[in-house]
Protein chains: 2
Amino acid sequence: MVNRIEKTAKIPTIKRLPGYLHILRQLHQDGAVDISGAVIADMLKLDPVQVRKDLASTGVVGRPRIGFPIEQLITAIENFLGWNNEREAFLVGAGNLGAALMGYSGLGRAGVQIIAAFDNDLRKIGTTIHGKPILPIEKLSELARRMHVKIAILTLPEEEAQKSVDRMIRGGITAIWNFTPATLKVPEGVIVQNEDLSSGLAVLSRKLHVNKQKTETRQKRGTKNE
Amino acid sequence: MVNRIEKTAKIPTIKRLPGYLHILRQLHQDGAVDISGAVIADMLKLDPVQVRKDLASTGVVGRPRIGFPIEQLITAIENFLGWNNEREAFLVGAGNLGAALMGYSGLGRAGVQIIAAFDNDLRKIGTTIHGKPILPIEKLSELARRMHVKIAILTLPEEEAQKSVDRMIRGGITAIWNFTPATLKVPEGVIVQNEDLSSGLAVLSRKLHVNKQKTETRQKRGTKNE
DNA sequence: TATATATTGATAAAAAAATATCGATATAAA
DNA sequence: TTTATATCGATATTTTTTTATCAATATATA
C-alpha cells in the first residue's frame with residue numbers, strides 16, 4: 001500500500017511552501033518545465049539545501065542536471081496543503097481587517113471560500129461586503145451546523161473573541177484562524193492558528209531600534225574622539 | 001558605563017514579546033503589581049522556563065516568591081522594542097489591506113503612526129481613509145525625503161511592489177513592512193520584514209488536511225473490519 | 001525566631017532547524 | 001563513445017530553540 005499521508009513536514013517547512021508555490025506558478029505561466037532547487041533558493045533568498053529538503057517533503061523527486069518538474073511540484077504542494085479542494089468558511093467580525101480578508105484573493109488560491117460574515121453591528125447586518133452577506137452573530141452557531149462549515153476566521157475585538165468562539169464550537173467549527181490577541185479556549189481537537197501582526201511588527205521595530213542605537217553610539221563616539 | 005543595548009534577544013523571543021506586553025497591560029489595569037512567570041505561561045499557553053528566559057532578555061529581574069514587577073516589565077519591553085517613541089510611516093497601496101492597516105490600532109501601540117498613504121488610483125487620490133490622506137505615488141520619494149520618514153508599509157499588488165520599493169529607497173526609507181509575496185531587492189542596510197498571511201493559512205490548512213485524512217482512514221478501516 | 005515554600009535564574013540536556021559535505025547520476029559536451 | 005558537470009538526495013555537522021534540573025533566596029507561616 002502506498003503511504004497516503006505524506007511524510008509529516010515541520011512547521012517551518014509548511015510555512016515556506018506557499019512561497020514556493022507562488023513562484024512555481026509564475027514559472028509555469030512563463031512556460032518553464034523544470035527548475036533547480038538552487039534557482040528557487042536564489043529567487044527566495046533561501047538556502048539551496050533547505051529548498052531541496054522542503055520540496056522533498058512533498059514527495060516529488062528531482063533529476064540530476066535537470067531539477068524538479070514544475071507542474072508536479074505545484075500539484076504536490078497544493079495536495080500536501082489541501083489547497084486543491086474547496087472548503088467554505090465563515091468570517092466573524094466584519095470590521096476593517098474582516099473586510100480586507102473578504103477581498104483577499106489568497107484565500108481563494110488556498111481553496112477557502114468565505115460564504116458569509118457575522119457581526120453584531122445592526123448597521124452592517126443585511127448588507128454585503130465584497131459580495132458576502134453580513135449576518136447577525138446570533139445565527140453563527142446554527143448556520144455553521146446546518147451548512148457544515150468547519151472553518152472560521154476571527155477578526156473581531158478581543159473582548160468578544162471568546163464568546164464567539166464558544167458559538168463556533170457549538171456550531172461544530174473545527175478550525176479557527178485567529179487574528180485577535182486573545183488566547184482562545186477551545187476543546188481538544190479544534191485547531192487554532194494565531195495570526196499575530198504585532199509580532200512581525202516587533203521584529204521590524206527591534207531591528208530599527210538596534211540600528212538606531214548603534215548609529216547614535218557611533219556618532220557619540222565620533223564626536224568624543226574628535 | 002551601563003550597557004545601553006540590551007542583550008540581543010533571538011527572533012522567536014522578540015516575536016513573543018508583544019504577547020507578554022499585551023497581558024501585562026491588562027494585568028496592570030486590573031491593579032496587579034507583580035506577576036510570576038508561571039502565571040504568564042499559563043495565560044499564554046507557553047512554557048514557564050521560556051517565559052522567564054524571554055523576560056530576562058529585557059533586563060528586568062524578578063524576586064523569588066513574588067515574581068516580576070509588572071510596570072517595570074511593561075516599560076522594559078516597550079523600550080526594548082522601541083515602542084515608546086513615536087515614528088512616522090508611509091503606507092503604500094491603499095487597497096483593502098492598506099485600509100485595514102490604516103485603521104489598525106496596534107500600530108499606534110507600537111509607536112508607529114501612518115501619516116499618509118500613496119496610491120496610483122486617481123479616484124482615491126485626494127481622499128482620506130481613516131483620516132489619512134491618499135497621495136499620488138509619484139510623490140512618495142520626494143515626500144519621504146522631505147519629511148524624514150523612514151518606515152514604509154507595502155500593501156499593493158505584487159507587480160508594482162519592486163517599482164515602489166525603488167521609490168522608497170530613493171526617498172531614504174530604511175525599513176519596509178512587506179505584505180506582498182514579492183521578494184524585494186533592497187540595498188544593504190535596509191530592513192525588510194515580510195508579513196505573509198498565506199504561510200499561517202498553510203499551517204492551518206495542513207493541519208485540517210491531515211486531520212481529515214486521518215478521519216477518513218479510520219472510517220475506511222472501521223467499515224472494512226465490520 | 002526558625003522553617004517551609006514559591007519563585008527566580010543559572011546551567012545542562014534535548015529537540016528542532018538550518019547548513020555543510022559528498023557520492024551518485026543523468027544529461028550535455030567533447 | 002567517453003568525459004565533464006550540474007544537480008539531486010542522503011548523511012553528518014552545526015546552530016538555534018526549547019525544555020529540564022536544581023541551587024539560591026526572599027517572603028510567609030509556624
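Not measured: the values here are computed from a predicted model. Reminder, nothing fancy here: chain letters follow the sequence lines and each chain counts from 1.
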Please set out all donor-acceptor pairs under 3.5 angstrom arising from side-chain atoms of residues 94-105 of chain B, sequence neighbours excluded.
unit_1  : atom_1 : unit_2  : atom_2 : d
N96(B)  : OD1    : H130(A) : NE2    : 3.1
S105(B) : OG     : R109(B) : NH2    : 2.6

Problem set entry | NZ/K45(B): more than 12 non-hydrogen atoms of other groups inside 6.0 Å | yes

Problem set entry | Heavy atoms of other groups near E86(B) CD, more than 12 under 6.0 Å |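 Count over threshold, so yes.
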
For this session: Among residues two or more places apart or on two chains, list those pairs meeting ring pair (Phe, Tyr, Trp, His ring centres under 6.0 Å) that have a residue in residues 152-192 of chain A.
Result: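 Every pair satisfying ring pair (Phe, Tyr, Trp, His ring centres under 6.0 Å) with a residue in residues 152-192 of chain A: W177(A)-F179(A).
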
Exercise. So where does chain B start and stop touching DNA chain D, 5' to 3', when the test is distance under 4.0 Å to a non-hydrogen atom?
Worked result: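 Under 4.0 Å from chain B, the extent on DNA chain D is dT17(D) to dA28(D).
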
Exercise. Between the side chain of T217(A) and the main-chain N/O of Q213(A), is any donor-acceptor distance below 3.5 Å?
Worked result: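 Flag set: sc T217(A) to bb Q213(A) pair under 3.5 Å.
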
For this session: Please list all pairs passing the salt bridge (Lys or Arg N to Asp or Glu O under 4.0 Å) test where one or both residues lie in residues 8-34 of chain B, with sequence neighbours left out.
Result: R16(B)-D54(B), R25(B)-E78(B)

Seminar exercise, completed: E71(B) meets the side-chain contact (heavy atoms from CB on, under 4.5 Å) criterion, sequence neighbours left out, with H28(B)

For this session: Going 5' to 3' through nucleotides 5-17 of chain C, assign each nucleotide B (protein heavy atom under 4.0 Å from a base atom), S (under 4.0 Å only from sugar-phosphate atoms) or - (no protein heavy atom that close).
Result: BBBBB-------S

